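This one's a predicted model, so the numbers in the text were calculated from it and none came from an experiment.
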Amino acid sequence: MATIKPFICIRPDAPLAHRVAALPYDVYSRSEAKTAAAKDPLSFLNIDRAETQFPDEIDTYADCVYAKAAELLNARIADGTFITDPNRNYYIYELTMGGRVQTGIVACASIDDYLNNVIKKHENTRADKEEDRIRHVDACSAQTGPIFLAYRRNETLAAVVAKTKKNAPLYDFTAEDGITHRVFVISEPSDIAAVENAFSSIDSIYIADGHHRAASAVKVGLKRRAEHPGYTGTEEFNFFLSVLFPEDELKILPYHRVVKDLNGLNKEAFLSRISEYFTAEPLGTDAFAPAEKGTFGMFLDHTWYRLTAADSLLRITDPVESLDVSLLQNYLLAPILGIGDPRTDKRIDFIGGIRGLGELERRVSEDMIVAFSMYPTSITELFAVSDAGRLMPPKSTWFEPKLRSGLFIHKLSE
């Protein structure tokens, strides 16, 4: 069963929250991060990507970069940009995008639950990406970017959230991208107990987004355990910062594919090859977004097509092999276009659904030859893959809106 704890939160002083809140560190290239961070010295991106404080010739992963992150964080605490709440609380984080609201509970999850698979994963992680955040968390002695977790709807938790949202928010602001962020505090002892007890009856929690942050937080926790052999399990380094959302409030956007060439085939030969497992219906120049599982959009030679998977593919029941991203990979991208490993093949790229189908057309006009628009993976499919102890293919899900960094900080030592 899940151990989800309230925590002592370090957070922005209310008038500054909108300036501090920043998109996750990993949505930016180095040059993009430097431009974004320069817009406001209080933006948390200055801390999350502290290489922005150095000339470009300084390596992103140099020791001085992580030291600078800790220096900036401590300076913002010292100057009052961040305040420390006196008591252990849960918080509510509400995000509104395009009229759709999703509300999560901000808390600390257990590294043991991660290790024991109570907190379930659906993606592999890369050691180099883990190492960056391990060093950042260790240097700052704090977790600054929450892990996005999901759970099956629970009526007790829903009632506490609804009750708390009737109070005045700690923060209420709309960011430049139009997403509104509101934060409330769950501070009544009875509500805190209700939340903790409700999670203790939940046997599975799922990482929706933030696999590298989660893995890094756990490894820092294990490192601290090794450094403190007398640890009791209650120390802060045994827990990591999370926001937990009920499944019915989450929306997964598609992750589209673009490919650089047709693997030596001409258009006619390519269309002939794909007909074994897909029916291709030309649609003209109007962009096509699939509306149901087993259908795909394809943009090739200025024309959009609707691809429909053969009945034999739609009868596949394996939780991984039946995913649309798997059908496209296993029956088109690999055997026909020669994309054997999409993690490493330089001929394929991935476009998050938030960027729209126009981005697929743009890429095909510039540096790619064919694009595929996808129907989004469902949260039910994500749960099924995780419950089976399996992993999804790369770039299977795109969650939106993104959680902002800097609104909640969890120190690893008090």
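- Environment of CZ in Arg355: sparse, with no more than 12 heavy atoms of neighbouring residues, nucleotides or ligands closer than 6.0 Å.
- Remark: Asp138 does not engage Lys219 in a salt bridge, criterion side-chain N to carboxylate O under 4.0 Å.
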- Item | Ile58/Glu51 under side-chain contact (heavy atoms from CB on, under 4.5 Å): CA gap, chis, key distance, verdict | CA-CA 8 Å; Ile58 298 297; Glu51 74 272 20; over 6 Å; no
- Task: Go through Ile111 and Phe237 one step at a time and tell me if the side-chain contact (heavy atoms from CB on, under 4.5 Å) criterion holds.
- Result: CA-CA 9 Å; Ile111 69 171; Phe237 56 72; 5.9 Å; no
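- Panel note: side chain Thr344, backbone Pro342; no donor-acceptor pair is recorded below 3.5 Å.
- One finds a salt bridge joining Glu381 and Lys293 here, because a Lys/Arg side-chain nitrogen approaches an Asp/Glu carboxylate oxygen to under 4.0 Å.
- Side chains of His212 and Glu130: a donor-acceptor N/O pair is absent below 3.5 angstrom, by distance only.
- Relative ring orientation between Phe245 and Phe148 is described as tilted, the plane-to-plane angle lying within the 30° to 60° band.
- Less than 6.0 angstrom separates the ring centroid of Tyr206 from the ring centroid of Phe383.
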- When you look at Lys402 and Asp177, which way does the salt bridge (charged side-chain N to carboxylate O under 4.0 Å, His left out) test go after all the steps? CA-CA 11 Å; Lys402 301 295 185 186; Asp177 57 6; over 6 Å; no
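- Other residues, nucleotides and ligands contribute over 12 non-hydrogen atoms within 6.0 Å of the CD atom of Glu227.
- A donor-acceptor pair under 3.5 Å is formed between the side chain of Ser326 and the backbone N or O of Val320.
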- Run the side-chain contact (heavy atoms from CB on, under 4.5 Å) check on Val258 and Leu360 step by step: do they pass? CA-CA 7 Å; Val258 288; Leu360 302 187; 3.9 Å; yes
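- Every pair passing salt bridge (Lys or Arg N to Asp or Glu O under 4.0 Å) that includes a residue from residues 53-68 is listed here, sequence neighbours excluded: Lys34-Asp56, Asp63-Arg135, Lys68-Glu71.
- For Lys5, the NZ atom is loosely surrounded, since the number of other residues' heavy atoms within 6.0 Å does not exceed 12.
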- Task: May I have the step-by-step check of side-chain contact (heavy atoms from CB on, under 4.5 Å) for Ser373 and Trp304, ending in yes or no?
- Result: CA-CA 10 Å; Ser373 61; Trp304 280 93; 3.8 Å; yes
- Given side chain to side chain donor-acceptor pair (under 3.5 Å), test Arg224 with Asn238 step by step and report yes or no. CA-CA 9 Å; Arg224 296 285 176 102; Asn238 294 288; over 6 Å; no
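- For the pair Thr303 (side chain) and Phe299 (backbone), a donor-acceptor distance under 3.5 Å is absent.
- At distances below 3.5 Å, not a single donor-acceptor pair connects side-chain atoms of Tyr66 with backbone N or O atoms of Val137.
- Under the 4.0 Å criterion applied to side-chain N and carboxylate O atoms, Asp248 and Arg152 are not assigned as salt-bridge partners.
- With sequence neighbours excluded, no residue satisfies side-chain hydrogen bond (donor to acceptor under 3.5 Å, both in side chains) with Thr279.
- Using a cut-off of 4.0 Å between Lys/Arg side-chain N and Asp/Glu carboxylate O, Glu366 and Arg363 are scored as not salt-bridged.
- Taking the ring centre of Tyr25 as origin, the terminal cationic atom of Arg133 falls inside the region bounded by 6.0 Å and 45° from the ring axis.
- The aromatic ring centres of Phe184 and Tyr171 sit 6.0 Å or more apart.
- Annotation: side chain to side chain donor-acceptor pair (under 3.5 Å) contacts involving residues 249-258, sequence neighbours excluded, are absent.
- When atom types are taken as modelled, the side chain of Ser43 and the backbone of Asn46 share no donor-acceptor pair closer than 3.5 angstrom.
- Around the NZ atom of Lys121, the shell of radius 6.0 Å holds more than 12 heavy atoms that belong to other residues, nucleotides or ligands.
- Between His122 and His211, the ring planes lie perpendicular to each other; the angle is over 60°, past the 30° to 60° tilted range.
- By the 4.0 Å N-to-carboxylate-O rule, Glu155 lies close enough to Arg153 to be salt-bridged with it.
- With salt bridges taken as basic N to acidic carboxylate O contacts below 4.0 Å, none links Asp26 and Lys129.
- Put simply, the side chain of Asp203 never gets that close to the backbone of Met1: no donor and acceptor are under 3.5 Å apart.
- Proximity of a side-chain donor or acceptor of Asn87 to a complementary backbone N or O of Asn89 within less than 3.5 Å is not detected.
- For the pair Arg100 and Glu94, the salt-bridge criterion is not met [side-chain N within less than 4.0 Å of a carboxylate O].
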